[in-house]
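These values consider heavy atoms only, across backbone and side chains, with no hydrogens, waters or symmetry-generated copies. In this text, all values refer to a predicted model and were calculated from it rather than measured experimentally. Order of the sequence lines fixes the chain letters, A, B, ..., with proteins taken first and strands second; residue numbering starts at 1 for each chain.
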2 protein chains.
Amino acid sequence: MPEPAVVLIEDEPQIRRFLRATLSGQGYRLFEASSGADALVEVASRQPDVVILDLGLPDMDGLEVIRRVREWTAVPIIVLSARGQERDKVTALDAGADDYVSKPFGAGELLARIRVALRHTAGASHEGEEPAFKVGELQVDLLRRHVAVGGAEVKLTPIEYKLLATLVRHAGKVLTHRQLLREVWGPSHDDQAHYVRVYMGHLRQKLEAEAARPRYLLTEPGVGYRLAAE
Amino acid sequence: MPEPAVVLIEDEPQIRRFLRATLSGQGYRLFEASSGADALVEVASRQPDVVILDLGLPDMDGLEVIRRVREWTAVPIIVLSARGQERDKVTALDAGADDYVSKPFGAGELLARIRVALRHTAGASHEGEEPAFKVGELQVDLLRRHVAVGGAEVKLTPIEYKLLATLVRHAGKVLTHRQLLREVWGPSHDDQAHYVRVYMGHLRQKLEAEAARPRYLLTEPGVGYRLAAE
DNA sequence: GGCACTCGTCAAGAAACCCTCAAAGTCGGC
DNA sequence: GCCGACTTTGAGGGTTTCTTGACGAGTGCC
């Protein structure tokens, strides 16, 4: 987990600013949402390592957000709330939250509880989910960070792996150069489409039988690339 | 999990009675300890699903109990404490606790937090709960804190052992420098990747036949390290 | 055909990474 | 306070990886 991703769901601008400063200062990649609807979209698209959820949202009951997220992922959810009554805590925790922090709280405590949540994902993690991807001879195990072609392990450099992992996470879908650059190199490099071409070449050398006629790593001319889904 | 086992570590008889009533009323199998030394024995022998630990023990610092338990198991630890200061919480959580409940607290909240902890263990199966590890000539017994190569005991310094134990707990998976630093040196040192390299060198000297061509302690360039799983 | 654009390949210097050795600093017991 | 064991820090050098530029092939449009 190089830089853990955090989705922050908070509608009050003031608290949001405070949390933004707190979190990005720690090197977390931060994504924000200010409504329940946005929250679900963010969590689904970013696949974060932790979700921080303020229960007091305008459009949707915070508990509803928890339940909807829990329908398909076990990502740790830390609830923030102005209410400190026991019954509120019990309800939220039983709805699927992993922790409950009452306002006012200190930055240090929140950060410590985030670290606890990250420990959980790092170690005991997704036993039930199956993050292994397979198409033809190509196997990618995102959990073990292991790539193989026809059973033989393939060694990838960090960037090669990140690029491949990004494609795997969206297997079958076309990813634009820009999307790939953002994910792999960060938002500041999203106009250097050349990087992607060079590394796509490297990956094809290592993964494809014939780099010139790729079977897995497909070019979508004028748009980007796509990983064959099967 | 038919009837979850809980180890309760609490020295004040009054709170203990209260918790005993609360917990066994819920159908948990309850084991008790009133000192740090007993606590370690109970946790090791009962292999509970949750540990509830009052920090105010007579014979041993509660934090020390957390650290000792964490040396060989990832069982959820819920800390109870009369102290509600932020720094106390942060210290306990960073030492390895999973949750921190300040007194006074309600029975309902504690029970809800126990349910959260049980959810975690349920999902994570018994990964990391296996106190003996063996691959090739290398044997690591996390419970006894004993390391051997080819039957011969190897003496490790505290940090060397912690580093190895962390790798053992996640055998086969890649751990980033950051993760290792967090686990071994604590969250405040997670940018000193150099530490890990130096100590990995030490471990290889002691454990590998040829330190230059390691069989167990493998480098994942640009990412971190991995302990060969078999 | 000429032009603009995209894509893939190659290669070289720069940068990052990893390992080793060793000195300096810390902390304990005696 | 001294000694030994351990940890932290620093420097050097070999190696790998990343970045960047150059070039040719292919494609579509004028």
Side-chain angles (χ1 to χ4, degrees), chain A residues 2-3 145 147 154-167 174-181 183-186 188-227, chain B residues 64 145 147 154-167 174-186 188-227:
Chain A
E3 293 184 334
R145 204 183 185 280
V147 180
V154 178
K155 291 254 176 230
L156 298 182
T157 72
I159 290 197
E160 287 167 2
Y161 180 81
K162 251 186 169 176
L163 183 56
L164 179 59
T166 306
L167 289 164
V174 181
L175 292 174
T176 64
H177 301 112
R178 189 172 286 265
Q179 283 177 299
L180 291 168
L181 283 159
E183 283 288 327
V184 178
W185 279 267
S188 51
H189 297 71
D190 68 356
D191 53 344
Q192 326 245 147
H194 190 55
Y195 289 8
V196 183
R197 297 203 187 98
V198 171
Y199 274 88
M200 218 47 139
H202 294 167
L203 278 178
R204 281 176 177 155
Q205 286 297 329
K206 292 187 175 182
L207 303 178
E208 300 278 4
E210 288 181 87
R213 281 192 287 123
R215 179 174 162 203
Y216 311 119
L217 301 163
L218 309 175
T219 304
E220 294 285 337
V223 189
Y225 295 88
R226 180 167 62 89
L227 180 65
Chain B
E64 188 57 24
R145 215 176 189 286
V147 180
V154 178
K155 290 248 176 236
L156 297 182
T157 71
I159 289 198
E160 287 167 3
Y161 179 80
K162 251 187 168 176
L163 183 57
L164 179 60
T166 306
L167 288 165
V174 180
L175 293 176
T176 64
H177 301 114
R178 189 175 285 263
Q179 284 177 299
L180 291 168
L181 284 159
R182 262 195 226 283
E183 286 284 330
V184 178
W185 280 268
S188 50
H189 297 71
D190 67 358
D191 53 344
Q192 325 251 142
H194 192 57
Y195 290 9
V196 182
R197 297 204 187 97
V198 171
Y199 274 87
M200 217 47 139
H202 294 167
L203 279 178
R204 280 176 178 156
Q205 287 297 331
K206 292 187 175 182
L207 303 178
E208 300 277 3
E210 288 181 87
R213 282 192 287 123
R215 178 173 163 205
Y216 311 120
L217 302 164
L218 310 176
T219 304
E220 294 285 336
V223 189
Y225 294 88
R226 181 165 60 88
L227 181 65

CG of B:L181 versus P of D:dT8: gap in Å, rounded? 10 Å
Identify, between A:H194 and A:Y199, the residue whose nearest nucleotide on DNA chain D lies closer to the 5' end. A:Y199
A:L163 CG to C:dG8 P, in whole Å, measures 12 Å
For A:E183, which residues count as a salt bridge (Lys or Arg N to Asp or Glu O under 4.0 Å) partner, sequence neighbours excluded? none
Contacts of B:E208 that satisfy side chain to side chain donor-acceptor pair (under 3.5 Å) - sequence neighbours left out: none
Counting only side-chain nitrogens and oxygens, does A:H177 get under 4.0 Å of the OP1 or OP2 atom of C:dC7? yes
With heavy atoms under 4.0 Å as the rule, sort B:Q192 into base, sugar-phosphate or nothing. sugar-phosphate
Any side-chain N or O of A:T157 under 4.0 Å from OP1/OP2 of D:dT16? no
Do any side-chain nitrogens or oxygens of B:W185 fall under 4.0 Å of OP1 or OP2 in D:dT7? no
Per-nucleotide protein contact string for nucleotides 22-30 of chain C, where B marks a base within reach and S marks sugar-phosphate only (heavy atoms under 4.0 Å, - for neither): ---------
Let me know the distance between CZ of A:R178 and P of C:dT6, rounded to the nearest Å. 13 Å
Mind calculating the distance between CG (B:L217) and P (C:dC18) to the nearest angstrom? 15 Å
Based on the rotation axes of five pairs at each end, what angle does the helix from C:dG1-D:dC30 to C:dC30-D:dG1 bend through, to 10°? 30°
Do A:Y161 and A:R145 come within less than 4.5 Å of each other through their side chains, counting heavy atoms only? yes
By salt bridge (Lys or Arg N to Asp or Glu O under 4.0 Å), B:R215 pairs with (sequence neighbours left out) none
Nearest-Å distance, CG (A:L203) to P (C:dC7)? 16 Å
Restricting to side chain to side chain donor-acceptor pair (under 3.5 Å), what partner residues turn up for A:E210, sequence neighbours left out? A:R213
Rounded to the nearest Å, what distance is computed from the NZ atom of residue A:K155 to the C1' atom of nucleotide D:dT17? 15 Å
Looking only at atom types and distance, does a side-chain atom of B:H189 sit under 3.5 Å from a main-chain N or O of B:R182, one as donor and one as acceptor? no
Mind checking A:Y161 for me? I need base, sugar-phosphate or nothing, with any heavy atom below 4.0 Å counting as a touch. nothing
Side chain to side chain donor-acceptor pair (under 3.5 Å) partners of A:R178, counting only residues at least two apart: A:D190
Whole-Å distance separating the CZ atom of B:R197 from the C1' atom of D:dG14: 14 Å
Can you find a side chain N or O atom of A:R204 that sits less than 4.0 Å from OP1 or OP2 on C:dG8? yes
Given side chains that start at C-beta, do those of A:L227 and A:L218 come closer than 4.5 Å, heavy atoms only? no
d(CD, B:Q205; P, C:dT20) in whole Å: 6 Å
Who pairs with A:E160 by side chain to side chain donor-acceptor pair (under 3.5 Å), at least two apart in sequence or on another chain? A:K206
If you look only at distance, which donor and acceptor atoms sit under 3.5 Å apart when one is on a side chain in residues 196-204 of chain B and the other is two or more places apart or in another chain?
unit_1	atom_1	unit_2	atom_2	d
B:R204	NE	B:L217	O	3.1
B:R204	NH2	B:L217	O	2.7
B:R204	NH2	B:T219	OG1	2.7

